[in-house]
Amino acid sequence: MSTKYIFVTGGVVSGLGKGITAASLGRLLKNRGYKVINQKLDPYINVDPGTMSPYEHGEVFVTDDGAETDLDLGHYERFTDVNLSQNCSQSSGKIYQNVIEKERRGDYLGKTVQVIPHITNEIKDKIYSFDDKDVDIVITELGGTIGDIESLAFVEAIRQVGLEKYPEDVAYIHVTLLPYITGSNEMKSKPTQHSVKELQSYGIKPDILVCRCESKIPEEIKQKLALFCNVRPENVIPNLTADNLYAVPLLLEEEGLARAVCKHLHLEKSEPQNDEWKKMIENIMNIDKEIDIAIVGKYMQLQDSYLSVAESLRHGGFANNVKVNVGFVDSEEINDQNVKEILGKYKGIVVPGGFGNRGIEGKIATIKYVRENNIPFLGICLGMQMAVVEFAKNVLNLEDVNSAEFDPNCKNPVIHIMEEQKNVISKGGTMRLGSYPCKIKEETLAQKIYGTDFIDERHRHRFEFNNKYKDELERNGLIASGTSPDGTLVEIVEIPNHKFFIASQFHPEFKSRPDRPAPLFKELVKACIDNI
């Protein structure tokens, strides 16, 4: 079978769920026995989201091969359980950077470099990069909204793919909004009609409409959309808001999205095998216990800043038959005096990653509170580093203790940049990104949680545990239970005489799945239940 290509575009407004639609479709096609890969094309000029504030695009998701990507790749991985790569995330900045580098090398042999064909060819090269790589179907989501000036090169590129491939090998799905006007009690189709008209003006005829709406689409509206948008009535697919995010694939299955795609792409394996996913959703919907767990971080104005952490907590709840109510607590509001008042209702605490010193004192106060009161705690990346700082400060009673990230001249930098990194000027150049191995110490909480001696987890950080303080910290009760295989990098710390106190330099949330939660989150939730 030749590789099939599905393009998911969005219209009317942003935030309609293109990413969830693309991820859900990936799961439905995978459940039919196809090998699926998801890809995101983002129109912004940044090379990647790595240097963006989380307030701009939410969290930065990291792949095994170290790509810093849009959070939608997290959705793709959680829904399809396929580990993605750097080729799965492309931005205008990355595309233009590649083209300019080729021009500087003389690869274009003196030609005038233009958007068409050079930029569009570069985009198509990234789309076609999965050919001959054991992939049946490539689902590519185009970020932004049709009509945005910055996305025009991407729109032109995916139009050209439709010409270069056979019609049965390419499908265009357009996700739009069907607003409901309460005053007149009407669902309005005009915004979708205008959006499709805009898309058609660029030479792309959508094959399927996925319409975000709050109620079923009346038959007369469906017929009207089909007529004026030039699609079959059965290819007008409602996408209603689901009670649970992971129920969306089954709702779209029921509405016929996967059937329409299979028919258009002439896919022979059209019968769904959704039994395991249905069973998971049934189990989730039957959960009748709840528990409150807080994420104490610094980017609380946009909860998507900690999307994977929050989802991983929910995954841990699924595995323990409990609904996790995730509390988002701003660390800037916490101090030693009010920490109990703010966090007292939570049965467990997560201190996640981040950069910069804003809110650090609140994180340290939080960690001291959970350590002294035997409250289940999971630290991630910066959360681990602050756990080390807090322990050195309040248990070892070291003077002027800090991370070199926040005070390069402090007397006791328990977190620092390793010597070989100090001369690297570029901030990005000092980052440890992607999957690295970790050796787990025997007879530790980490070994009990993972059930193995070696793991691989994803990283995104610049500073490391300072081994100069390792022996003293371990003598006083904070042990390094996970290290790099050669022992030079500390990956996990824990307090053995605590109910559940463990922190990792890596980001376990990036590999968590709803039906296969990250072990650290699963066991944190279990410890929180036991703490009731």
Side-chain angles (χ1 to χ4, degrees), residues 3 5 7 9 37-53 56-57 59-73 76 83-133 135 138-144 148-165 202 355 420-436 458-462:
T3 304
Y5 298 91
F7 297 102
T9 58
I37 201 85
N38 284 81
Q39 182 184 50
K40 179 75 182 288
L41 304 179
D42 272 308
Y44 50 69
I45 305 299
N46 305 68
V47 172
D48 58 43
T51 57
M52 287 189 197
S53 164
E56 292 292 317
H57 275 262
E59 73 174 7
V60 175
F61 188 82
V62 178
T63 58
D64 276 341
D65 61 356
E68 295 177 284
T69 75
D70 183 83
L71 59 79
D72 274 315
L73 268 76
Y76 304 157
N83 291 337
L84 303 179
S85 68
Q86 59 181 345
N87 278 347
C88 298
S89 179
Q90 302 293 331
S91 69
S92 287
K94 189 179 291 185
I95 294 295
Y96 273 83
Q97 183 182 57
N98 291 343
V99 169
I100 290 170
E101 287 175 353
K102 289 180 179 180
E103 186 273 334
R104 293 289 85 189
R105 290 196 305 264
D107 292 5
Y108 298 121
L109 303 177
K111 292 284 188 181
T112 301
V113 178
Q114 299 175 288
V115 173
I116 302 172
H118 301 97
I119 296 297
T120 51
N121 283 350
E122 186 71 21
I123 296 168
K124 287 188 295 181
D125 285 347
K126 301 305 180 184
I127 295 170
Y128 293 150
S129 66
F130 302 103
D131 285 1
D132 304 318
K133 289 189 178 178
V135 174
V138 181
I139 302 174
T140 301
E141 175 194 352
L142 176 56
D148 295 343
I149 191 169
E150 61 264 30
S151 65
L152 292 180
F154 288 108
V155 175
E156 172 60 17
I158 67 174
R159 181 195 71 82
Q160 291 179 19
V161 172
L163 288 178
E164 294 171 1
K165 300 294 180 181
Y202 299 134
F355 295 90
E420 58 267 28
Q421 295 177 316
K422 285 185 177 178
N423 294 325
V424 182
I425 296 174
S426 167
K427 283 188 175 181
T430 63
M431 293 279 277
R432 188 148 68 100
L433 288 165
S435 184
Y436 285 85
R458 300 178 189 177
H459 295 65
R460 182 178 182 252
H461 63 98
R462 186 171 298 120

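Position 1 is the first residue of the sequence, and the numbers go up from there. FYI, side chains are in, hydrogens and waters are out, and symmetry mates aren't considered; it's all heavy atoms of this structure. In this text the structure is predicted, and so the values were computed from the model without any measurement.
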Quiz item: Taking atom NZ of Lys126 and atom CG of Asn98, what is their separation to the nearest 0.5 Å?
Solution: 4.5 Å
Quiz item: How long is the gap from CG on Leu73 to CD on Gln86, to the nearest 0.5 Å?
Solution: 12.0 Å
Quiz item: Can you find a pair of side-chain heavy atoms, one from Arg159 and one from Leu163, that are under 4.5 Å apart?
Solution: yes
Practice problem: Test side-chain hydrogen bond (donor to acceptor under 3.5 Å, both in side chains) on Glu164 and Tyr128 and set out the steps. | Solution: CA-CA 11 Å; Glu164 294 171 1; Tyr128 293 150; 2.7 Å; yes
Quiz item: Do you know which of Val115, Ile123, Val113, Asn121 makes side-chain contact (heavy atoms from CB on, under 4.5 Å) with Val99?
Solution: Val113
Exercise. Report the distance from atom CG of Leu152 to atom OH of Tyr202, rounding to the nearest 0.5 Å.
Key: 5.0 Å
Quiz item: Does some side-chain heavy atom of Thr69 sit less than 4.5 Å from a side-chain heavy atom of Lys40?
Solution: no
Practice problem: Identify the two heavy atoms, one from Leu84 and one from Thr63, that lie closest to each other, and give their separation to 0.1 Å. | Solution: O-CB, 3.5 Å
Quiz item: Is there a donor-acceptor contact under 3.5 Å from the side chain of Asp48 to the main chain of Gly50?
Solution: yes
Quiz item: Does the side chain of Lys124 come within less than 4.5 Å of Val161's, by heavy atoms?
Solution: yes
Quiz item: Could you state the interatomic distance from CG (Asp64) to OG (Ser435), rounded to the nearest 0.5 Å?
Solution: 4.5 Å
Quiz prompt | Between CD1 on residue Ile127 and OG1 on residue Thr3, distance to nearest 0.5 Å | solution = 13.0 Å
Practice problem: Scan for salt bridge (charged side-chain N to carboxylate O under 4.0 Å, His left out) pairs involving residues 95-104, sequence neighbours excluded, and state none if there are none. | Solution: Lys102-Glu122
Exercise. State, with a plain yes or no, whether a side-chain heavy atom of Pro49 is found less than 4.5 Å away from one of Phe61.
Key: no
Quiz prompt | Residue that, paired with Glu68, satisfies salt bridge (Lys or Arg N to Asp or Glu O under 4.0 Å) out of Arg458, Arg460, Lys94 | solution = Arg460
Quiz prompt | Shortest non-hydrogen contact between Pro43 and Ser92, atoms and distance | solution = O-OG, 2.8 Å
Quiz item: So, Ser85 and Asn87: side-chain donor and acceptor under 3.5 Å apart, yes or no?
Solution: no
Quiz prompt | Nearest non-hydrogen partners of Asp72 and Asp70, listed with the distance | solution = N-OD2, 2.8 Å
Quiz item: At what distance, to the nearest 0.5 angstrom, does OG of Ser89 lie from CD of Glu141?
Solution: 10.5 Å
Self-check item: Flag for Glu56-Tyr44: side-chain donor and acceptor within less than 3.5 Å
Solution: no
Quiz item: Is the Tyr5 ring parallel, tilted or perpendicular to the Phe7 ring (thresholds 30°, 60°)?
Solution: parallel
